[in-house]
Amino acid sequence: MSRENGAGVGEGGGGAPEPEQLALIRESVRKAKVPRAKPRTWRGAALAKELPVARVLVDKGVLHLDRYFDYAVPEELDEAAQPGVRVRVRFGAGSRNVREGRREGGGLIDGFIVERRAETEYTGPLAALAQVVSPEPVLGAELLDLARAVADRYAGSLADVLQLAVPPRHARAESRAAVPPPAPPAPPGAGSWRRYAHGEEFLSALASGASPRAVWTALPGPQWAEEIARAVRATLASGRGALVVVPTGRPAARVDAALTELLGEGQHALLTADAGQERRYREWLSVRRGEVRAVVGTRAAMFAPVRDLGLVVVWDDGDANHSDDRAPFPHVREVLELRATRDRCGFLLGGWSCTVEAAQLVESGWAAPLVADREQVRGAAPLVRTVGDGDLARDEAARAARLPTLAWRAVREGLRHGPVLVQVPRRGYVPRLACERCREPARCRGCAGPLEAQDSGAALRCGWCGVEEGAWHCGECGGFRLRAQVVGARRTAEELGRAFPAVPVRTSGREQVLDTVPGTPALVVSTPGAEPVADGGYAAALLLDGWAMLGRPDLRAGEDALRRWIGAAALVRSQNAGGTVVVVAEATLRPVQALVRWDPVGHAVRELGERAELGFPPVSRMAAVSGRPEALAEFLAAAELPPDAVVLGPVPVREAAPGPSRRPGAAPPGEQWERVLIRVPPGSGAALAAALKVAQAARMARGAKGTREGPAEAVRIRVDPLDIG
DNA sequence: AGCACGCCGACT
DNA sequence: GTCGGCGTGCTC
């Protein structure tokens, strides 16, 4: 007797079970090869009269198989069991146990109904839906399609993507009464969009229902948020919805305020991670239900189910916060690109700086540049000066001043007119060295800046001026041995406070981020990304540790440094208003020159050309695969990569280290992992992702043989790894 | 991942 | 005969 035979104990669909049971057994005996038209169930529950089969996406990440499972729809759940609703189903071998009394052995797990159908292709008896969690159809067809596209693009599972895309349920938030959708507003005036060559054109295209795509290089200053709000309002005026994604809560609050100003209260939703579960779900639901047509939020908002999407906006796409940190690590820019293409909606990628990826969107013709002419740029940007090795050699006074003269003067001059911003890399970013004996910090003989070890064993360099120090000894106690210390904003603040007594010093960093500072003279020491906005703009900014920012062993080091510098410099008053920026870095370096000329696009275009030549992303597509050496080797042996794929490595991966320099797929503590990079030429990205996904799925399904360690261990796959050595 | 099934050797 | 070892494979 087959299991299937013994299983046929009941039948749904109404009517007396007896003759149908016989038919069922007959069918089983014939070893039925033909898919059954009618679903059968374990229990004799009555089924829905129409479309008695629910195709369910089982929300179980470990399955790593993007498959649907068919369940029977009991009559009493017929009405609630609509496509998109959350359900609970029995899943697992236990539910198939034929022995009496243990038929329901499998565990209850969550899932979504993706479709109602008349028949099933499954040749066994169907289990019935256990429960419809709520009648709210949270997973619409469009969101499902998008999630699937994202899963494919990133070689991840659909269930993983849905975990990012659909927020956890909160019952109280659902019970709120429906609110009628707002009427479309009138299109806004162009406002400060007039500063850009095609700004007005872009807005009127959106307002007329068209879907323009642009890479927008925003002029420095605070107007960007209002400009985004105007683009949103123009889109709403066309009767469509709009979605804005920004890196963190602070810019989200800025756009939120600008939208409230331009649209009034209650016309848009704010979706950020720091809101509580209930509030987050409530806002998300109001978007899904069409009660608000505009959304601003951080990265999880990229999936927000906005109705009739007319425009997607991403601000500052170079910020690492746009890359989700949960598998399969989708990036906001890429996801919104997918949405713009699939939904044929407008696309606006904006920032003060310009990523290589953004430059590529323009170069490929997918998006148009939206830039201001040089005249406008010169009028809005501060004056940028550099302090490098050459300057320092001639700088006698620097020794006494503890800072290069130019920097010192710029700070002192700036403090006469307002607040001065000092940007220092994040704590842990730059290890500071100190005398092992007396703990006196190791300082540069030229400018008294902190000495740093480039790499273990290599020469020491000054973190301020970049000059090498060949023969250090402690000036206090004469010691020759160094120990690593960590320098942060606080320590820098102390040092600068001593250099400029009688001036208030404030710090903004990871632990405590200041949002704004008054326009009165003060030193504001901040880590990149945490810079407060100064009322009326900063009078000056000092960008320290340029060498450390540029010297990171990362493909994006130059682009990243430029983006951080521009991010700080954009908060400084224009050159006409006396705004000055001093960057302590070698003036001949490309990112430094780009900052001086305020030409982020030129920098990105040149980088893009170089990446194309070297076969680096984003011109080619890369994926990082990491895991224990045997697991990785097995994976690579089994994977059928596209013929044009090139495997680089494997190389050992460092263990997960604290700080921003964590590597993709860092090994868990105590384990030695390896990583390969797999590169494919343009056009083969989808094939690579598909191959990786298939190989991973096979691995998960099969289980690794030959290893003592037991079942197959997943390798970590990351398409578009963030930092490539 | 669970969990059941099943093919094998040792036991009442 | 029957109990239970873990090696495979499925989950609607």
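These numbers come from a predicted model, not from an experiment. Residue numbering restarts at 1 for every chain, and letters A, B, ... go by the order of the sequence lines.
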Check your understanding: Quick check: are there more than 12 heavy atoms from other residues, nucleotides or ligands sitting under 6.0 Å from CZ of A:R510?
Key ->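 Count not over threshold, so no.
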Review point. Is the count of non-hydrogen atoms from other residues, nucleotides or ligands lying under 6.0 Å from A:E640 atom CD greater than 12?
Key: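 No, not enclosed.
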Over how many whole Å does the gap from [X] atom [atom1] to [N] atom [atom2] extend?
X      : N      : atom1 : atom2 : value
A:L57  : C:dC12 : CG    : P     : 14 Å
A:R88  : C:dT11 : CZ    : P     : 21 Å
A:F91  : C:dG9  : CZ    : C1'   : 13 Å
A:R116 : C:dC12 : CZ    : P     : 19 Å
A:D59  : C:dC12 : CG    : C1'   : 16 Å
A:L108 : B:dG2  : CG    : C1'   : 15 Å
A:Y68  : C:dC10 : OH    : C1'   : 20 Å
A:D160 : B:dA1  : CG    : P     : 14 Å

Point to revise | Student check: side-chain heavy atoms of A:Y71 and A:F91 closer than 4.5 Å | key: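 Counting from C-beta outward, A:Y71 and A:F91 do come under 4.5 Å.
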Check your understanding: Is A:D308 close to A:R293 at the side-chain level, that is, under 4.5 Å between some pair of heavy atoms?
Key ->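 Yes, their side chains come closer than 4.5 Å.
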**Study point:** Face-to-face stacking of A:F69 with C:dC12, centres under 5.5 angstrom, angle under 30°
**Key:**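 Stack criterion not met.
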